[in-house]
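Structure, as structure tokens:
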Amino acid sequence: MIEDKNPQRTPLGSLGEFGLINHLTQSFKITQNTTVKGIGDDAAIIKANDGNHIVVTTDLLVEGVHFDLSYMPLKHLGYKAVMVNLSDVYAMNAEATQITVSIAVSNRFPLEALEELYAGIETAAEIYNVDLIGGDTTSSTTGLLISVTAIGTAKPELIVKRDGAKPNDLLVVTGDLGGAYLGLQVLEREKQVYKVNPNSQPDLEQYNYIIERQLKPEARKDIVKLLADLDVKPTAMIDISDGLSSEIIHLCKQSKVGCDIYENKIPLDPQVISTSEEFNMDSTTIALNGGEDYELLMTISQSDFPKIKGNPNLTVIGYIKEYYAGMHLITRAEESIPITAQGWNSISD
Ligand code: ADP
Ligand code: MG
């Protein structure tokens with residue numbers, strides 16, 4: 001047994017997820033000249049011998065924390081575990097090429113369950129054209145754990161990090177926001193109904209879009225291609241895994257800039273609007289703080305605006321300001337409210 005020489009017991013919740021990562025890793029030094037970017041972006045960047053850059057990213061999903069198997073089919077879980085990682089590769093404006101998959105399983109799971117999980121992984125690998133090249137398999141005393149690592153590649157001049165946003169750049173998001181979080185609320189509600197009445201046959205047709213956003217998200221590979229076709233290289237980019245406000249804060253902090261975003265510009269699907277009304281929730285709050293949409297948030301130079309204007313995949317929601325201006329949401333009532341992070345934070349939750 002390792003003797004605990006430090007009698008202090010600091011609760012992890014007091015640091016938060018990013019405080020904890022920073023605390024644990026701040027003393028590490030980069031010594032390899034092939035390490036272009038270590039901790040702090042959507043993916044790490046490594047210089048390859050052929051002059052290209054390789055990007056690497058990893059995520060761990062834990063049963064009971066990140067997914068609930070009572071409404072998450074294993075096939076969808078396998079698919080989603082791959083998407084979560086590919087999304088971080090595309091956020092670097094890179095092409096995803098390989099994945100590794102590691103699992104820890106308890107004997108509660110029969111072979112057929114793991115076949116389902118891997119069917120989802122295989123579908124994702126086929127559609128997104130990545131090779132499964134390895135992983136690890138071990139046992140777990142509690143639930144299921146699944147960890148995916150994704151590898152990608154890009155020419156060095158095409159890589160987009162979080163730290164390149166400049167004052168006057170436009171803030172742009174892909175797709176629409178808040179759906180995945182609301183889909184989860186609907187699924188949670190149905191789970192409670194089912195507990196009380198197992199014979200209930202839920203009619204979820206009116207929630208089909210938001211439930212699909214939660215159970216079967218798609219990483220925005222198409223956006224990397226679209227940006228290349230439009231000849232637009234964003235000045236900064238990040239994927240929206242934890243909610244818009246938390247990602248805006250990461251991007252602005254790393255770029256040392258401020259921003260204004262406009263409430264009335266945030267793209268929302270009609271199902272997000274109707275379902276948030278039904279749940280008595282504010283749709284803007286959900287778009288800002290709900291997680292798991294896996295859209296991309298980017299900044300682009302004003303001079304590129306004519307190239308993206310009118311494109312249905314890209315919505316301008318605001319613009320970048322000087323650092324000292326801070327980060328604000330301009331509401332429909334034209335009030336300016338500071339943006340704070342209440343994003344998904346599995347450590348302090
Ligand atoms: P993302 O939300 O894009 O997946 P995270 O918020 O998980 O990124 O992580 C932020 C950064 O911290 C990334 O560069 C990630 O690789 C790094 N990181 C996260 N956890 C650890 C850890 N336990 N040890 C070292 N680096 C970590
Ligand atoms: Mg990310």
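Whatever order the structure lists them in is the order used to number ligands and atoms, beginning at 1. Since we're looking at a predicted model, the values are computed, not measured.
- The distance from ligand 1 to the heavy atoms of Arg162 drops below 4.0 Å at these ligand atoms: 3 (O).
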Show your reasoning for whether salt bridge (charged side-chain N to carboxylate O under 4.0 Å, His left out) applies to Glu322 and Lys256. CA-CA 8 Å; Glu322 299 285 353; Lys256 300 187 179 65; over 6 Å; no
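- Counting heavy atoms from C-beta outward, Leu117 and Leu77 have side chains that approach closer than 4.5 Å.
- Atom 10 (C) of ligand 1 has Ile21 CD1, 4.4 Å as its closest protein atom, hydrogens excluded (heavy atom only).
- Which parts of ligand 1 touch Asp42 is read off a 4.0 Å heavy-atom cut-off, strictly below it: atoms 3 (O).
- For atom 16 (O) of ligand 1, the nearest protein heavy atom lies 4.0 Å away or farther.
- When distances from atom 4 (O) of ligand 1 to the protein are checked, a heavy atom turns up under 4.0 Å.
- The nearest non-hydrogen atom to atom 25 (C) of ligand 1, considering only Thr25, Val84, Asp41, comes from Thr25.
- If you check which protein heavy atom lies closest to atom 26 (N) of ligand 1, you get Ile39 CD1, 3.5 Å.
- In this structure, the separation between CG on Asp293 and CD1 on Ile240 is 7.0 Å, given to the nearest 0.5 Å.
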With side chain to side chain donor-acceptor pair (under 3.5 Å) as the criterion, how do Thr153 and Glu95 come out once you've worked through the C-alpha distance, each side chain's angles and the decisive distance to 0.1 Å? CA-CA 5 Å; Thr153 179; Glu95 179 196 346; over 6 Å; no
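- The contact set between ligand 1 and Ser241, taken as ligand atoms under 4.0 Å from a residue heavy atom, comprises 2 (O).
- Cation-pi geometry between Lys216 and Tyr79 is met: under 6.0 angstrom from the ring centre, within 45 degrees of the axis.
- The shortest N/O to N/O separation between Phe18 and ligand 1 does not fall below 3.5 Å.
- A heavy-atom distance below 4.5 Å is found between the side chains of Thr275 and Val186.
- To the nearest 0.5 Å, the span separating CD on Glu335 from NE2 on His328 amounts to 12.0 Å.
- Atoms of ligand 1 lying under 4.0 Å from any heavy atom of Gly40, numbered from 1 in the order shown and given with element: 11 (C), 13 (C), 14 (O).
- Atom CG of Leu204 and atom CZ of Arg189 lie 8.5 Å apart (nearest 0.5 Å).
- Tally of protein N, O or S atoms closer to the Mg ion (ligand 2) than 2.8 Å: 3.
- Closer than 4.0 Å to atom 13 (C) of ligand 1 lies at least one heavy atom of the protein.
- Among protein heavy atoms, atom 7 (O) of ligand 1 sits closest to Glu17 OE2, 4.1 Å.
- Salt-bridge check for Lys80 with Glu292: passed, with a basic side-chain N closer than 4.0 Å to an acidic carboxylate O.
- Atoms CD1 and NZ, from Ile300 and Lys166 in turn, are 15.0 Å apart once rounded to the nearest 0.5 Å.
- The side-chain heavy atoms of Arg108 and Leu69, taken from C-beta on, include a pair separated by under 4.5 Å.
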